[in-house]
Asks: 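Have a look at this one before I ask anything.
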Amino acid sequence: MGLFITFEGPEGSGKTTQIHQLAAWLGAIGRDVLTTREPGGTRLGDAVRRLLLDPHHTEMRPETEILLFSAARAQIVGEVIRPHLARGGVVLCDRFADSTLAYQGYGRRLDLNTLRMITAFATGDLAPDLTICLDLPALEGLRRKQGCDQGEWNRMEREKLEFHERVRQGYLSLAAAEPARWLVLDALRPVEEIQNEIRERVTVYLTQKK
Ligand code: TYD
């Protein structure tokens, strides 16, 4: 079996940069690495992503939202992630099921156990081997987004600061409950320092999985 690594964190935490650098390094050391993101990563998932993030869909119910995220997730797990893991590859996924617990659970205050059940159904119980959380205060993350985004903010980004702060605290609670799976890093540190810590931890997993 391959290695499944997910990246999580509040808005503006710099996941994308870290994922790109890690993917380049894994490729250079000869690993078969696949990078993808949620929601999306498949043709159907990208269609669902447009529904989910369109700021015009202000009427979307929290229950609709979780089912749409889960629909996109079921597709990417079956179509992309499981086949690559079965070939022995490394999968780097920008957000996965923990985003649902943080955003729909802690953010929207939907029942965590219900979310876990729906997520388990969607993924067929697939869980990451390692989850890297880039942590920073919600306000700082939103400021960073504001600094680099040219276009308009998506439906989730438009939520209140309190929502994003609950998401951040949610991640920290999830990580504290399962410390062996999570690596929480301070996203305010220099990019290279964060990348080095990530590589160190990934090296441990690669050695174990040989
Ligand atoms: P995206 O532009 O991909 O955000 P980011 O660059 O921060 O990853 O938008 C995805 C948004 O959807 C983001 O605000 C997090 C949210 N989200 C959920 O609320 N639940 C989920 O299960 C997932 C996967 C994402």
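In each ligand, atom 1 is the first atom listed, and ligand 1 is the first ligand listed.
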Asks: Quick one, Arg166 and Arg108 - any side-chain contact, counting heavy atoms below 4.5 Å?
Replies: no
Asks: Do the numbers put Arg73 on top of the ring of Phe96, so that NZ or CZ is under 6.0 Å from the six-membered ring centre and no more than 45° off the axis?
Replies: yes
Asks: I need the minimum non-hydrogen distance between Gly9 and Cys133, along with the two atoms involved.
Replies: CA-SG, 4.3 Å
Asks: Find all atoms of ligand 1 within a distance of less than 4.0 Å from any non-hydrogen atom belonging to Lys145, and give their numbers and elements.
Replies: 6 (O), 7 (O)
Asks: Can you report which non-hydrogen protein atom sits closest to atom 14 (O) of ligand 1, along with the distance?
Replies: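 Checking every protein heavy atom, the shortest distance to atom 14 (O) of ligand 1 gives Glu11 OE2, 2.6 Å.
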Asks: Would you please say whether a donor-acceptor pair under 3.5 Å links the side chains of Thr131 and Thr6?
Replies: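 On atom types as modelled, these side chains qualify, holding a pair under 3.5 Å.
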Asks: For ligand 1, does Arg49 get within less than 4.0 Å through its side chain, its backbone, both, or neither, judged by non-hydrogen atoms?
Replies: side chain
Asks: Regarding ligand 1, does Thr16 bring an N or O atom to under 3.5 Å of one of the ligand's N or O atoms?
Replies: no
Asks: So which bit of Arg37 gets within less than 4.0 Å of ligand 1, heavy atoms only: side chain, backbone, both or neither?
Replies: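 None of Arg37 does.
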Asks: Is there a path of hydrophobic side-chain contacts, each under 4.5 Å between heavy atoms, that joins Ile132 and Leu3?
Replies: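 Yes, Ile132 and Leu3 fall within the same hydrophobic cluster.
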Asks: Got Trp153 and Gln146 here, is their nearest side-chain heavy-atom distance under 4.5 Å?
Replies: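 Counting from C-beta outward, Trp153 and Gln146 do come under 4.5 Å.
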Asks: Are a donor atom and an acceptor atom from the side chains of Glu8 and Tyr171 found within less than 3.5 Å of each other?
Replies: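 The criterion, which ignores hydrogens and geometry beyond distance, is satisfied for Tyr171 and Glu8.
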Asks: Please check this pair: side chain of Arg155 against backbone of Leu52, looking for a donor-acceptor N/O pair closer than 3.5 Å.
Replies: yes
Asks: Side chain, backbone, both or neither: which applies to Leu53 and ligand 1 if a contact is any heavy-atom pair less than 4.0 Å apart?
Replies: side chain
Asks: Measure Arg155 to ligand 1 on non-hydrogen atoms and call it side chain, backbone, both or neither using the 4.0 Å cut-off.
Replies: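 Neither; no heavy atom under 4.0 Å.
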Asks: Passes side-chain contact (heavy atoms from CB on, under 4.5 Å), Leu101 versus Leu112? Steps please.
Replies: CA-CA 6 Å; Leu101 297 176; Leu112 286 175; 4.1 Å; yes
Asks: Nearest to atom 25 (C) of ligand 1, what protein heavy atom do you find, and at what distance?
Replies: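 For this ligand atom, the closest protein heavy atom is Phe69 CE2, 3.3 Å.
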Asks: With heavy atoms under 4.0 Å as the rule, classify the contact between Asn154 and ligand 1 as side chain, backbone, both or neither.
Replies: side chain
Asks: Is the side chain of Arg37 donor-acceptor paired with the backbone N or O of Asp94 at a distance under 3.5 Å, no angle test?
Replies: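 Answer holds: no.
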Asks: What protein heavy atom lies closest to atom 10 (C) of ligand 1? Include the residue and the distance to one decimal.
Replies: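 I find the closest protein heavy atom is Pro39 CD, 3.9 Å.
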Asks: For Arg73, which part has a heavy atom under 4.0 Å from ligand 1: side chain, backbone, both, or neither?
Replies: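 Arg73 to ligand 1: side-chain contact only, backbone stays beyond 4.0 Å.
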Asks: If you have a sec, work out which protein heavy atom is nearest atom 20 (N) of ligand 1 and how many Å separate them, to one decimal?
Replies: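 Sorting protein heavy atoms by distance from atom 20 (N) of ligand 1 puts Gln104 OE1, 2.8 Å first.
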Asks: To check your reading of the model: name the closest protein heavy atom to atom 22 (O) of ligand 1, its residue, and the distance in Å.
Replies: Thr100 OG1, 2.6 Å
Asks: Check each atom of ligand 1 against the heavy atoms of Met156 and keep those under 4.0 Å away; list them by number with element.
Replies: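 Answer for ligand 1: 11 (C), 12 (O), 14 (O), 16 (C), 19 (O).
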Asks: Write out the residue and atom name of the closest protein heavy atom to atom 7 (O) of ligand 1, then the distance separating them to 0.1 Å.
Replies: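 Residue, atom and distance for the closest contact: Arg95 NH2, 3.0 Å.
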